[in-house]
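To start, the structure under review is shown below, and the notes come after it.
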Amino acid sequence: MSKQKTKFSCQECGYDSPKWMGKCPGCQSWNTMVEEIETVVRTQGMTSSIPKTKEKAIPIIHIESSSEPRVVTSNKELNRVLGGGIVPGSLILVGGDPGIGKSTLLLQTSFELTQAQQKVLYISGEESIKQTKLRADRLNASSPLLYVLCETNLELIEEAIQETNPDFLVIDSIQTVFHPAITSAPGTVSQVRECTGHFMRIAKGKGIATVLVGHVTKEGAIAGPRMLEHMVDCVLYFEGERHHSYRVLRAVKNRFGSTNEIGIFEMQEVGLVEVNNPSELFLSERPLGVAGSAVVASMEGTRPVLVEIQALVSSTNFPSPRRMATGVDHNRLSLIIAVLEKRMGMFLQNQDAYLNVAGGIKLDEPAVDLAIAISIASSFRDQPTQPFDVVFGEIGLTGEVRGVSRIDQRVKEAEKLGFRRVIMPEKSLKGWTHPKGMEIIGVNTVAEALKAALG
């Protein structure tokens, strides 16, 4: 026998409550509690319908080691982020802002897998079959092994999977799929949790690599319960500025690889094109001999990337100066400005400070601190930096420059692009030999770095 029960679920974090509340106690969000009807099934005797399997515990040394087989696509950037390719039976969640290129990337990937004789089933819950066909024609991604279905009913999707028996499955998107046995609307916490659980059992049971497209909230997190990210094997975020052509695919969870890798793409008329040398692309429009510009060597995973950091310092007309940062943490900018005021004697309390990372990429590595400080000081003094200098290093609150890792990769990347001088922490000079023809300047404090960069 079954009994219906009413509950209120938070659409941001999945918190359940028997009564409505304006503010969710779980995530502190306002007006996110939505009424849902839950069907409780009561059974005689055992309360669980999960079959019991009798397995004996064995020592870990008796378990045979085997590497996961991977399907390598022709997209090197996607392979890098996934850890070397797609693992059969894995469940991947891809999130990103609307219009960023999620469907384009997955349709291109589906076509590339068909070239390796992989059968692909693309389930579209937001677009019709004709709309998907128009995108495929624009991307030149048509293949007899690529099956397309416009459906949101989970039971009908399972029937299509049984009939097609694909090697690769795409669900675009998980928020549009619904289970008929659940009375709540599609996209709610109950529907997303239950549908994801079904796709997880299908992926693991049949060995089908499955990709779920997830919507994001206005804060940038994937919509639905936090449990959604714990259920999948890999979580990818597709990032990028709306007005820039560059896109960054970043892994925040990966059970089969590293979470430090990123993939860089460029949006063109023919779709997403992988960028093999992002440093050269980001520096292609860099002005030379101007104040407020500095080039930093940042590590994104195992790849060094040279990016230009631009700063503009100008007199303010307000009682409190403005601090704006694009591409770096706003709090990090305020911290570095405070160090320049306290340790270097720069009077920035009546100056607005604007910071921008050219190209639309986001940098969260502490090694970019020194480049931020030099670009701000260059703009404040209206004194240009040397056009062929590369800077990197972490700044402490006492004004010291701390060491960073992977020095040789950063310096080799700078040498490859024609830079002649590197300003870096002196503590990182030990244990490696710098290339001939490159001038290496080691600094211990911010004052030494500013003297070397600006004179």
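Keep in mind it's a predicted model, so treat the numbers as computed, not measured. Residues: numbered from 1 along the sequence shown.
Atoms CG and CD1, on Leu348 and Ile336 in that order, are 12.0 Å from each other to the nearest 0.5 Å. A distance of 11.5 Å separates OG1 in Thr445 from CZ in Arg343, rounded to the nearest 0.5 Å. Summarising the geometry, atom CD belonging to Glu394 is positioned 8.5 Å from atom CD belonging to Glu400; distances are rounded to the nearest 0.5 Å. Rounding to the nearest 0.5 angstrom, the gap separating the OH atom in Tyr246 from the CD atom in Glu266 is 5.5 Å. Atom CG of Leu93 sits about 7.5 Å away from atom OH of Tyr237, to the nearest 0.5 Å.
Side chain of Ser379 to backbone of Gly292: no donor-acceptor contact under 3.5 angstrom is found. Proximity of a side-chain donor or acceptor of Arg286 to a complementary backbone N or O of Pro387 within less than 3.5 Å is detected. A side-chain donor-acceptor contact under 3.5 Å links Glu77 to the backbone of Ile264. Ser428 contributes a side-chain N or O that, together with a main-chain N or O of Val404, makes up a donor-acceptor pair within less than 3.5 Å.
Contact detail for Glu274 and Phe265: the closest heavy-atom pair is CA-CD2, 4.0 Å. Summarising the geometry of Leu139 relative to Val270, their closest heavy-atom pair is CD2-O, 3.3 Å, with the distance given to 0.1 Å.
Gln351 and Ser314 share no donor-acceptor pair across their side chains, judged by distance under 3.5 Å alone. For Asn75 and Thr109, the side-chain atoms include no donor-acceptor pair closer than 3.5 Å. No hydrogens or angles considered: a donor-acceptor pair under 3.5 Å links the side chains of Glu413 and Ser279. Using a 3.5 Å distance cut-off with no hydrogens or angles, the side chains of Asp352 and Thr316 do pair a donor with an acceptor. Judged purely by distance below 3.5 Å, without hydrogens or angles, the side chains of Gln386 and Asp389 never pair a donor atom with an acceptor atom. For His434 and Glu415, the side-chain atoms include no donor-acceptor pair closer than 3.5 Å. Using modelled atom types, one finds no donor on one side chain facing an acceptor on the other under 3.5 Å when comparing Gln115 with Ser74.
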Fill in: Evaluation steps, side-chain hydrogen bond (donor to acceptor under 3.5 Å, both in side chains), between Thr259 and Asn254
CA-CA 6 Å; Thr259 57; Asn254 192 356; over 6 Å; no

Item to complete: Report the C-alpha separation of Ser90 and Asp233 in whole Å, then their side-chain angles, then the decisive distance to 0.1 Å, and conclude whether the side-chain hydrogen bond (donor to acceptor under 3.5 Å, both in side chains) test is met.
Response: CA-CA 6 Å; Ser90 61; Asp233 298 316; 5.1 Å; no

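A cation-pi arrangement is not found for Arg70 relative to Phe256, the charged atom failing to lie both closer than 6.0 Å to the ring centre and inside a 45° cone about the ring normal. A cation-pi arrangement is present between Arg420 and Phe388, with the terminal nitrogen or guanidinium carbon under 6.0 Å from the aromatic centre and inside a 45° cone about the axis.
Counted within 6.0 Å of NZ on Lys76, heavy atoms from surrounding residues, nucleotides or ligands total 12 or fewer; the atom is thus considered open.
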